[in-house]
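Following: one structure in structure tokens, then a few remarks.
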Amino acid sequence: MLIGFLLALGCSVCYGTASVLQAAATRSVEAGSGSGVDTVLLMRAVRQWRYLAGIGLDAVGFALQVVALRLVPIYVVAAALAASIAVTGIVAAWLLSARLSPAEWTAVGVVCASLALLGFAAGPEGSQHGPAGLGWALMGVVAAIFVVGAAAGRLGDRPRALALGLGAGCGFGVVEVGVRLIDTIDLTKAAFYTNPALYAAAAGGAAGFLLLTSALHRGSVTTAVAGMVVGETIAPALVGVVWLGDRARDGLGWMVFVGFVVAVAATLVLARFGEAPAPAETDQPVN
């Protein structure tokens, strides 16, 4: 349990730092089609060193996330991912010269305390496999995310950022559930490659990256990150509890509930730390 919790925290540090780098890099390039699923924007963003550094941190964070999901309940990993916004706030204060008020530092402390509650009260990872067809259902969720993302590109800046952020979070949530549905990660077995959860997790991660990149480019990053937090925490945690057998320690269910709710609520307060400064007027967008 302790190792899984520490891995989830390490994942949070990686993702939180990456979000600051990616937000700054994405805003320094010109959008492509303007659609919520903007592959041209993504291709331009990856030419920025800050975006590449963020991807590298995301890769490390994902590896830690996969291992953590094999050791602790989804709700612990989900709350840790949400708490990456606290890391984002600290990194933004350091790299982007953002100022955190005493109240905001208090919110960071609340997030950390809530995670401590979760780590103490969490039970072992559930061993159930969920209803038949859950892996295929995840594939359907990913398809819906792409459709919603394409439609969201036509919205105004604020609702666009919220819709794309929520879609990105749902994509990352599919990754969390998909990893749990893969019984054994063994590249030598055919069953590994025929599991729909494997492809759902891969597609969910791709959808999350595409939609989040578009969301960070235009509109409020605060709104986008808040939507992402909601999408990647609540539904995956419920799936873990209802279908996959995730439980708390005996008599500590209330502590898990309080810790999870407070962590997500404080994270939404801290979401504005994902805001990146607008590029200087003298900067030329990369085509």
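Fair warning: this is a prediction, and the values are worked out from it, not measured in the lab. Side-chain atoms are counted along with the backbone in the values below, which use heavy atoms only and exclude waters and symmetry mates.
Legend: residues meeting side-chain hydrogen bond (donor to acceptor under 3.5 Å, both in side chains) with Gln65, ordered by chain and number and at least two apart, are Tyr15.
Distance check: Cys14 SG to Leu81 CG gives 11.0 Å after rounding to the nearest 0.5 Å. With rounding to the nearest 0.5 Å, the separation of CG in Leu138 from CG in Leu198 is 12.0 Å. Note that the CD1 atom of Ile55 and the CG atom of Leu21 stand 11.0 Å from one another [nearest 0.5 Å]. One finds the CG atom of Leu64 at 10.5 Å from the CG atom of Leu9 (value rounded to the nearest 0.5 Å). To the nearest 0.5 angstrom, Leu211 atom CG is 7.5 Å from Ile145 atom CD1. Atoms SG and CG, on Cys170 and Leu166 in that order, are 4.5 Å from each other to the nearest 0.5 Å.
Neither Ile74 nor Met255 shares a network with the other; the hydrophobic side chains, linked directly or stepwise wherever heavy atoms of I, L, V, M, F, W or Y lie under 4.5 Å apart, form separate groups for each. Note: the hydrophobic cluster containing Val242 also contains Ile234 (ILVMFWY, side chain heavy atoms under 4.5 Å, direct or indirect links). Taking hydrophobic clusters as Ile, Leu, Val, Met, Phe, Trp and Tyr residues chained together by side-chain heavy-atom distances below 4.5 Å, Val148 does not share a cluster with Val175. Following chains of ILVMFWY side-chain contacts shorter than 4.5 Å, one can reach Val258 starting from Val110, so the two form part of one hydrophobic cluster. Put simply, Val77 and Leu252 are part of two different groups of oily side chains (I, L, V, M, F, W, Y) that touch within less than 4.5 Å, one to the next.
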- Report the C-alpha separation of Ile3 and Val67 in whole Å, then their side-chain angles, then the decisive distance to 0.1 Å, and conclude whether the side chain to side chain contact (heavy atoms under 4.5 Å, CB included) test is met. CA-CA 10 Å; Ile3 293 176; Val67 179; over 6 Å; no
- Go through Tyr51 and Thr213 one step at a time and tell me if the side-chain hydrogen bond (donor to acceptor under 3.5 Å, both in side chains) criterion holds. CA-CA 10 Å; Tyr51 199 89; Thr213 299; 2.5 Å; yes
- Query: Can you list the steps and then say if Leu164 with Met228 is a side chain to side chain contact (heavy atoms under 4.5 Å, CB included)?
  - Reply: CA-CA 8 Å; Leu164 292 177; Met228 183 184 69; over 6 Å; no
- Test side chain to side chain contact (heavy atoms under 4.5 Å, CB included) on Leu52 and Arg47 and set out the steps. CA-CA 7 Å; Leu52 290 175; Arg47 295 165 59 186; over 6 Å; no
- Task: Evaluate side chain to side chain contact (heavy atoms under 4.5 Å, CB included) for Phe5 paired with Leu115, printing each intermediate quantity in order.
- Result: CA-CA 9 Å; Phe5 182 68; Leu115 287 177; 4.3 Å; yes
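Using a distance-only test at 3.5 Å, with no hydrogens or angles considered, a donor-acceptor pair links the side chain of Ser12 to the main chain of Ala80. A distance-only check finds no donor-acceptor pair linking the side chain of Tyr75 to the backbone of Leu118 [under 3.5 Å]. At least one donor-acceptor pair under 3.5 Å links the side chain of Arg247 to the backbone N or O of Val241.
What you find for Ala8 and Ala68 is that their closest heavy atoms are N-CB, 4.0 Å. Taking both residues in full, the closest heavy atoms of Ala200 and Val174 are given as O-CG1, 3.4 Å, listed atom of the first, atom of the second, then distance. Residue Phe260 comes nearest to Thr233 through the heavy atom pair CZ-O, 3.8 Å, listed as atom of the first residue, atom of the second, then distance. In terms of heavy-atom proximity, Ala168 sits nearest to Gly208 at CB-O, 3.5 Å. Shortest non-hydrogen contact noted between Gly259 and Ser114 is O-CB, 3.4 Å. Closest of all the heavy-atom pairs between Tyr199 and Tyr193 is OH-O, 2.6 Å.
Between Val66 and Glu176, the closest side-chain pair of non-hydrogen atoms is not below 4.5 Å. Considering only heavy atoms from C-beta on, Pro159 stays 4.5 Å or farther from Leu162 through its side chain. In this structure, Leu117 and Val256 have side chains that are not in contact, with every pair of non-hydrogen atoms separated by 4.5 Å or more. Contact annotation: the side chain of Arg180 approaches that of Asp246 to within less than 4.5 Å [non-hydrogen atoms, C-beta and beyond]. Looking only at side-chain heavy atoms (C-beta outward), Arg50 and Gln22 stay at 4.5 Å or farther from each other.
Within a 6.0 Å sphere centred on CG of Leu238, other residues, nucleotides and ligands contribute more than 12 heavy atoms. Counted within 6.0 Å of CZ on Phe257, heavy atoms from surrounding residues, nucleotides or ligands total 12 or fewer; the atom is thus considered open.
Both cation-pi conditions hold for Arg249 and Phe120: the charged atom is under 6.0 angstrom from the six-membered ring centre and inside a 45 degree cone around its axis.
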